[in-house]
Amino acid sequence: QVQLVESGGGLVQAGESLRLSCAVVGHTNNHYAVGWFRQAPGKEREFVAGIGWSADIQKYSDDTKGRCTISRDNAKNTVSLQMNSLKPEDTADYYCELDPIHRPVTVEVESAWRYVYWGQGNQVTVSS
């Protein structure tokens, strides 16, 4: 059974940084993709960033591009999301989600339908 254990959320001021981590437990190899999604109160869930089975495969939302960096450490089975220059509108619950299937690179990492495991969520609050 695959489990995702998230850490790193919290309360910061606008302009500060946070690093979210997602530990992957129970997956037998590194051939998985991970997407970070967020949901703010009263809003729909939205894609933040994703990384494929190869670290070269990365995608960011237009809002987070240039401010966020997604990375993976296969030795530690973790995926991290470094978020810089945070804005109050980044306030949301952040979820890491995992696709256990080794798919062709043509299947985009921002495709929400591919992710079937998700973590418990991490609250990020950015004050102005």
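Position 1 is the first residue of the sequence; numbering continues from there. What you see is a predicted model; the values in this text were computed from it and never measured. Computed from heavy atoms alone, side chains included, the values below leave out hydrogens, waters and symmetry copies.
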Modelled atom types, side-chain donor and acceptor of Asp56 and Gln58, under 3.5 Å | no
Asn84 and Ser17: side chain donor to acceptor below 3.5 Å | yes
Quick one: does His27's side chain get under 4.5 Å of Pro100's, heavy atoms only?
-> yes
side-chain contact (heavy atoms from CB on, under 4.5 Å) between Asn77 and Val25, worked out | CA-CA 8 Å; Asn77 249 352; Val25 180; over 6 Å; no
List the atom of Val109, the atom of Phe47, and the distance in Å for their closest heavy-atom pair.
-> O-CE1, 3.7 Å
Nearest heavy-atom neighbours spanning Ser61 and Thr64 | OG-OG1, 2.9 Å
Is there side-chain contact between Arg38 and Glu46, with heavy atoms separated by less than 4.5 Å?
-> yes
Please report the closest heavy-atom contact between Leu18 and Gly8, naming both atoms and the distance.
-> CD2-O, 3.5 Å
With a 4.0 Å cut-off, would you call Lys65 and Asp62 a salt bridge?
-> yes
Do you reckon Leu11 sits in the same ILVMFWY cluster as Leu81, going by side-chain contacts under 4.5 Å, direct or chained?
-> no
Which pairs, with at least one residue in residues 114-128 and sequence neighbours excluded, count as a side-chain hydrogen bond (donor to acceptor under 3.5 Å, both in side chains)?
-> Asp99-Arg114
Enter the distance from Cys22:SG to Ile70:CD1 here, rounded to the nearest 0.5 Å.
-> 9.0 Å
Using side chain to side chain contact (heavy atoms under 4.5 Å, CB included) as the criterion, point out the one residue from Val24, Asn74, Asp73 that pairs with Asn30.
-> Asn74
Can you check whether Gly121's main-chain N or O pairs, donor with acceptor, with Glu6's side chain at less than 3.5 Å?
-> yes
Going by heavy atoms in the side chains, are Leu4 and Cys96 under 4.5 Å from each other?
-> yes
Please walk me through it: do Leu20 and Val124 pass side-chain contact (heavy atoms from CB on, under 4.5 Å)?
-> CA-CA 9 Å; Leu20 302 181; Val124 172; 4.1 Å; yes
Check: Trp53/His102 side-chain N/O donor and acceptor closer than 3.5 Å = yes
Hey, any chance Tyr60 and Val107 share a hydrophobic cluster, counting ILVMFWY side chains that come within less than 4.5 Å of each other, even indirectly?
-> no
Option among Val116, Val34, Val79 that satisfies the side chain to side chain contact (heavy atoms under 4.5 Å, CB included) test with Leu98 = Val34
Decide side-chain contact (heavy atoms from CB on, under 4.5 Å) for Lys87 and Asp63; before the verdict, give the C-alpha distance in whole Å, the side-chain angles of both, and the deciding distance to 0.1 Å.
-> CA-CA 11 Å; Lys87 309 173 186 177; Asp63 182 53; 3.9 Å; yes
Sorted by chain and residue number, the side-chain contact (heavy atoms from CB on, under 4.5 Å) partners of Lys43 (sequence neighbours excluded) come out as Ala40
If you measure from the Lys or Arg side-chain nitrogens to the Asp or Glu carboxylate oxygens, is any gap between Asp93 and Arg45 under 4.0 Å?
-> no
Heavy-atom pair of closest approach, residues Arg67 and Leu86 = NH1-CA, 3.9 Å
Does the ring centre of Phe37 sit less than 6.0 Å away from the ring centre of Tyr95?
-> no
Shortest non-hydrogen pair, Arg19 vs Ser80, comes out as NH2-CB, 3.5 Å
Quick one: is the NZ or CZ of Arg72 closer than 6.0 Å to the six-membered ring centre of Tyr32, and within 45° of its axis?
-> yes
